[in-house]
Visitor: 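Okay, handing you the structure first.
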Amino acid sequence: MTPYIGTAISRIDGHAKVTGGAKYAAEFNVPGLVHAFVVVSAITKGSIARIDASEALRVEGVVDVLTHENRPRMADTDDAYKDDVAPDGTPYRPLYDSKIMFSGQPVALVLAEEWEIARFAASLVHVKYEQEAHLTDLYCQREVAFALPEPAKPRGDAAKAFAAADVRHQGEYYVPIEHHNPMELYASTVTWDGGGKLTVYDKTQGVQNVQRYVCSIFGMKPDDVRVMSPYVGGAFGSGLRPQYQVVLAVLAARALERPVRLVLTRQQMYSLGYRPAMIQRIELGASAGGTLDTVTHEAITVTSQYEDFFRNETTWSGLLYRSANAKYTHKLTRLDLPTSCDMRGPSATTGVYALESAMDELAVALRLDPLELRLRCYSDRDQNNGDLPFSSKNLLECYRQGAEIFGWAKRNREPRSMRDGSELVGWGMATGVWEALQVPITVRIVLTANGHAEVACATSDIGTGTYTIMAQVAADALGLPLDNISIKLGDSTLPQSPVEGGSWIAASVSNGIVTTCNAIREELLVLAKNLPGSPLANATRDEVTLLDGRLVNRRDASRALSIAEVMRVSGVDRIAQEKSTSFANDGKHAHNTHSALFAEVKIDEQLGVIRVTRVVSAVAAGRILNPKTAHSQVMGGVVWGIGVALHEETLIDHRFGRVMNANIAEYHIPVNADIQDIKVIFVEEQDNIVNRLGVKGLGEIGLVGVAAAIANAIYHATGKRVRDLPITIDKLQR
Amino acid sequence: MNSFQYSRASDVADAVRQMGADPTAKFIAGGTNLLDLMKEDVERPTLLIDITRLPLRSVEATPGGGVRIGALVPNSDLSYHPLIEQRYPVVSSAIRAGASQQLRNMATTGGNLLQRTRCAYFYDAVTPCNKRVPGSGCSAINGINRGHAILGMSDSCIATHPSDMCVALAALDATVHVAGPNGERAIDLADFHRLPGDTPERDTNLDRDEIITAIELPARGFAKNYTYLKIRDRLSYAFALVSVAVGLEMDGDTIRQARLALGGVAHKPWRDSEVEAALNGQVASPETFERAADLLLRPAKGFAHNTFKIDLARRAAVRALTQAANGTPQSQSSKKIV
Ligand SMILES: Cc1cc2nc3c(=O)[nH]c(=O)nc-3n(C[C@H](O)[C@H](O)[C@H](O)COP(=O)(O)OP(=O)(O)OC[C@H]3O[C@@H](n4cnc5c(N)ncnc54)[C@H](O)[C@@H]3O)c2cc1C
Ligand code: SF4
């Protein structure tokens with residue numbers, strides 16, 4: 001039997017998804033469901049002076065209108081609102097008091113027998129505000145941004161080295177606020193199970209995080225709240241923290257003692273988290289020979305007035321390339337917006353964009369091919385972290401294979417030197433990097449005598465293919481056909497899992513499955529040894545493997561027993577094991593994934609219309625569990641990167657503090673016409689150190705570096721460097 | 001969204017009668033614009049009069065050599081109709097440059113004419129907007145105005161008309177047929193949409209109780225030398241920053257008749273008879289086109305974010321004239337600009 005791991009298996013949940021069998025949070029129907037609609041704040045800062053819901057309450061079919069004045073009791077301490085991944089600060093409490101901290105903040109919840117009635121009645125809730133002056137513009141606040149603790153220890157003397165460098169580049173790069181825009185709207189359906197018990201169907205990346213959060217806010221016992229999220233229509237980080245709709249839906253269910261559903265509108269989703277806007281400054285100093293002497297990376301990012309969310313954009317710079325001197329500073333500015341949050345490739349998508357744009361500019365200053373510059377600055381150690389070697393790093397092969405497939409050698413270094421009829425042609429490249437993270441996780445497996453296994457873990461599949469890779473790993477480790485494996489996830493009552501994020505779940509859960517499978521195998525071996533005349537009587541633990549439905553001695557394949565037979569004769573009809581796996585870091589290696597990106601753009605010389613005609617993404621991310629789902633992840637990352645480079649931008653009118661393009665007609669992401677040839681390559685990268693399976697995860701890495709490769713290609717085509725994203729047609733004309 | 005009544009019109013006269021009887025009623029055709037505006041509480045009709053069953057779905061040749069298009073012909077049907085593809089390809093092309101296939105399947109000819117501006121403030125019922133609430137002020141003039149008008153705007157409103165199809169119809173000298181309580185009348189498309197002036201709340205010269213029944217195209221279709229060139233922020237499914245419809249009648253290298261209309265730049269499709277007159281009789285050449293484009297954009301004025309549109313429109317006009325003169329119209333499926 002060929003192993004499933006490494007095979008391009010189609011998603012096992014694909015059929016359910018395309019036939020509508022897969023149910024999402026807003027699709028669970030229960031009799032007597034009450035529909036909720038949120039009334040949101042029209043002002044950005046101040047307080048609610050008065051809410052008049054009388055007209056709404058008179059509408060037939062309206063059950064109630066909840067506000068901060070009449071809501072049931074909720075916890076009154078900050079700690080109670082801190083979810084597993086909350087940043088420092090005072091978490092936002094939905095419908096708690098009269099204070100308004102951002103535009104679009106919920107101020108009332110209309111509950112009605114029909115959704116249309118709730119929405120109509122919501123337009124009849126009249127709110128009077130006491131308005132205060134607000135600030136939402138990073139550029140107005142950059143001078144008052146406050147410094148965070150040093151992101152990483154500096155090395156050498158960056159300023160001195162910069163002053164002394166043969167060739168210098170410094171530049172400031174801007175990334176606007178971006179919103180996640182998953183296809184599925186944020187939604188919660190709460191069923192009232194009697195006796196104060198609730199089941200919450202929620203759109204989330206972490207059911208157990210939501211479960212603890214809900215229990216803590218409402219003072220409920222863990223057994224009284226079950227959170228389910230079997231399918232998630234994308235989240236990209238926006239579902240790491242519980243969102244306000246789950247609080248409001250539970251609040252309403254408790255107030256009415258009835259089941260409640262709340263679905264946010266697309267517009268309302270622009271008042272959840274977002275990728276923070278940021279200004280980054282990079283200083284690079286190099287020797288004439290093209291090696292890096294120094295790198296300084298400064299970032300100013302935005303958050304809310306009440307929580308300090310940030311990630312380390314800056315330290316990627318001193319990790320990616322060898323440099324004796326490095327310095328990082330990160331400042332934060334608090335604005336009257338909701339708290340910013342993680343969005344795919346948080347910190348790297350943006351930090352590496354700035355770094356890789358700056359490296360391209362340095363290459364120009366050095367009159368060096370940009371790929372050659374990367375090779376001269378190549379680092380095989382993590383200088384930020386004790387100069388540790390990497391558990392594996394096959395970035396060189398990414399560069400080599402990517403460049404070859406792209407045809408990079410044929411590039412003419414001069415900007416504006418390549419053309420195709422009326423179009424200028426530009427070729428740009430960049431590097432991507434991410435961490436290979438892993439987190440403690442618990443997996444339960446129940447093997448039944450008919451040769452089926454159920455694998456259970458409270459993790460999520462946010463659309464990445466977790467169901468499928470879990471089944472592949474379990475099928476291989478148990479020696480069973482894929483069809484005999486069923487996967488349970490997205491249920492808070494299942495064995496422990498942290499939120500799905502940071503690209504850590506594939507590595508964590510697959511190794512977790514192996515741990516539990518090993519325990520199953522050992523239990524089977526004990527049974528097998530006890531059978532009369534057992535051919536495995538003398539086999540040791542390590543000698544035995546599970547293959548094709550049998551327990552087999554590796555050294556002598558003729559010594560084997562059928563699993564079903566062992567269980568039947570032993571009188572055992574099920575074997576259940578639940579094991580936790582944690583990942584001890586040996587402290588001697590850095591764990592990262594890498595990529596090399598090559599992009600071609602064609603730009604109409606007269607009109608400035610940009611087309612991204614080719615992208616090659618070569619990825620080194622350890623062992624690839626499923627080339628098909630992996631390919632989709634990376635291809636999706638490339639598409640997203642095209643959006644980051646050319647399209648995505650949340651437009652806020654700072655006079656009102658409001659998002660003015662809060663819909664997916666006007667908030668642009670790439671459409672099919674924007675996407676042409678995308679090639680994804682996975683280079684061989686064997687890693688015997690990172691974990692038993694050598695798996696590193698690849699959700700985020702697909703996006704990191706893409707925007708820079710495209711920005712660099714645009715420079716190469718036009719000779720024009722645009723340092724603020726997105727690169728739109730007007731900026732090429734400036 | 002407010003609560004509303006729904007009724008179906010049995011014929012055109014009934015539609016007009018129902019509309020006359022209820023001052024807060026609205027016709028609904030494809031609903032692709034009206035329903036969005038209702039969800040945003042921008043439009044709050046108390047009665048929706050469904051006109052989709054009226055017999056206004058045919059495309060017919062007229063005795064005068066033109067074509068009469070029923071107001072309810074879906075945008076996609078119109079775009080792929082053989083008469084239109086053969087005789088008025090600029091209309092086919094302009095329609096396909098707009099929205100998405102799904103929207104074009106729903107959207108109707110009449111509705112397309114009456115779609116409202118995409119100005120973000122108009123859509124956000126919380127911010128001041130003279131078009132939505134007369135006298136409340138224009139948030140765009142000193143706000144986010146990257147997509148706004150560079151021609152024909154007023155101190156009250158700088159919004160643009162978003163339609164692609166209308167730009168082609170304007171270039172072709174289409175006529176709008178309407179029916180009202182006092183019978184039928186015809187309005188030149190050029191006079192159908194208004195400039196904002198100090199009544200930006202009125203997009204068109206259609207009276208409230210009138211219904212569009214048809215669009216008529218005259219015989220001259222410019223089927224040989226035409227183009228529709230649309231410049232936008234992504235390669236499909238975005239409104240025009242600038243678009244250009246061109247129709248030329250050529251005699252060898254000489255332009256006998258020129259039509260040139262801009263979209264995305266004003267409160268209505270923008271034509272300038274002086275510019276067209278200046279093209280007539282000229283030899284098609286880069287200099288001729290540059291001169292015409294300069295003349296066309298001479299009155300243009302930009303705001304904080306949209307000044308780039310002036311030069312972009314100028315260049316796009318030159319390119320579109322070139323495409324039309326060369327007989328190489330812009331393809332709407334390949335996004336490479338020819
Ligand atoms: C996401 C999105 C993107 C789009 N992109 C583009 C684009 O790129 N280019 C473009 O041109 N368009 C675009 N559109 C707009 C689309 O073309 C219009 O919404 C559509 O043409 C309107 O037609 P309808 O039949 O659906 O109108 P409806 O929404 O039904 O009606 C619009 C208005 O016209 C009135 N009305 C309709 N028919 C008649 C009639 N016969 N007589 C009198 N009044 C009538 C209605 O009362 C209403 O006020 C886009 C729309 C969306 C939602
Ligand atoms: S430009 Fe017109 S539509 Fe836009 S805010 Fe001003 S008045 Fe309203």
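Letters A, B, ... are given to chains in the order of the sequence lines, protein chains preceding strands, and every chain is numbered from 1.
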Visitor: Please determine whether the number of non-hydrogen atoms from other residues, nucleotides or ligands lying under 6.0 Å from atom CZ of Arg419(A) exceeds 12.
Guide: yes

Visitor: Examine whether an atom of Asp41(B) lies under 4.5 Å from a heavy atom of chain A, and if so say whether it belongs to the side chain, the backbone or both; otherwise answer neither.
Guide: side chain

Visitor: List the atom of Gly143(B), the atom of Asp653(A), and the distance in Å for their closest heavy-atom pair.
Guide: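 For Gly143(B) versus Asp653(A), the nearest heavy atoms are CA-OD2, 4.1 Å.
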
Visitor: Check the surroundings of atom CD in Gln5(B): do more than 12 heavy atoms from other residues, nucleotides or ligands lie under 6.0 Å from it?
Guide: no

Visitor: Looking at Leu607(A) and Ile337(B), what are the two nearest heavy atoms and their distance?
Guide: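 Scanning both residues, the minimum pair turns out to be CD1-CD1, 3.8 Å.
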
Visitor: Starting at CE of Met1(B), measure out to CZ of Arg119(A) and round the result to the nearest 0.5 Å.
Guide: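 It comes to 5.0 Å.
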
Visitor: Using heavy-atom distances under 4.5 Å, tell me whether Ile669(A) contacts chain B through its side chain, its backbone, both, or neither.
Guide: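 Contact with chain B: backbone and side chain both.
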
Visitor: Give a yes or no on this: more than 12 heavy atoms of other residues, nucleotides or ligands lie within 6.0 Å of atom CG of Asp724(A).
Guide: yes

Visitor: Tell me, for Ile652(A) versus chain B, whether the close heavy atoms (under 4.5 Å) come from the side chain, the backbone, both or neither.
Guide: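 Answer is backbone: N, CA, C or O of Ile652(A) sit under 4.5 Å from chain B.
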
Visitor: Within the 3.5 Å criterion, strictly below it, is a donor on Asn663(A) or Tyr123(B) matched to an acceptor on the partner's side chain?
Guide: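 No - no donor-acceptor pair under 3.5 Å links their side chains.
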
Visitor: Would you name the heavy atoms of Arg44(B) and Ser123(A) that are closest together and state the gap between them?
Guide: NH2-OG, 3.8 Å

Visitor: Using a cut-off of under 4.5 Å on heavy-atom pairs, state which of Glu40(B), Arg315(B), Lys336(B) scores highest against chain A.
Guide: Lys336(B)

Visitor: If you count heavy-atom pairs within less than 4.5 Å of chain A, which of Ser139(B), Ser100(B), Ser334(B), Gly147(B) leads?
Guide: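 Counting heavy-atom pairs under 4.5 Å, the top option is Ser139(B).
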
Visitor: Side chain from CB out, backbone as N, CA, C, O: work out which of these in Arg146(B) comes under 4.5 Å of a heavy atom of chain A, or both, or neither.
Guide: side chain

Visitor: With chain B, which of His647(A), His654(A), Lys602(A), Arg655(A) has the greatest number of heavy-atom pairs at distances under 4.5 Å?
Guide: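 The residue among His647(A), His654(A), Lys602(A), Arg655(A) with the greatest pair count is Arg655(A).
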
Visitor: For the interface with chain A, which of Arg319(B), Lys39(B), His305(B) has the highest count of heavy-atom pairs at distances below 4.5 Å?
Guide: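 It is Arg319(B).
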
Visitor: To the nearest 0.5 Å, how far apart are OH in Tyr237(B) and CD1 in Ile664(A)?
Guide: 7.0 Å

Visitor: If you count heavy-atom pairs within less than 4.5 Å of chain B, which of Glu423(A), Gln267(A), Glu666(A), Arg658(A) leads?
Guide: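 So the answer, after comparing Glu423(A), Gln267(A), Glu666(A), Arg658(A), is Arg658(A).
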
Visitor: Which pair of heavy atoms, one from Ala120(B) and one from Met660(A), lies closest together, and at what distance?
Guide: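 Scanning both residues, the minimum pair turns out to be CB-O, 3.3 Å.
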
Visitor: Report the distance from atom NZ of Lys335(B) to atom CG of Asp674(A), rounding to the nearest 0.5 Å.
Guide: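 Spacing of NZ (Lys335(B)) from CG (Asp674(A)) equals 9.0 Å.
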
Visitor: Mind checking the CG-CG spacing from Leu235(B) to Asn672(A)? Nearest 0.5 Å is all I need.
Guide: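 If we round to the nearest 0.5 Å, Leu235(B):CG and Asn672(A):CG are 11.5 Å apart.
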
Visitor: Spell out the residues in residues 727-734 of chain A that have some non-hydrogen atom less than 4.5 Å away from a non-hydrogen atom of chain B, in order of number; otherwise answer 'none'.
Guide: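 Near chain B, by residue number: Thr728(A), Ile729(A), Asp730(A), Gln733(A).
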
Visitor: How long is the straight-line distance from CG of Asn661(A) back to CG of Asp124(B), given to the nearest 0.5 Å?
Guide: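 Between Asp124(B) CG and Asn661(A) CG, I get 11.0 Å after rounding to 0.5 Å.
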
Visitor: When heavy-atom pairs shorter than 4.5 Å are enumerated against chain A, which of Asn142(B), Ile231(B), Asp311(B), Leu241(B) gives the highest number?
Guide: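 Ranked by heavy-atom pairs under 4.5 Å with chain A, first place is Asn142(B).
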
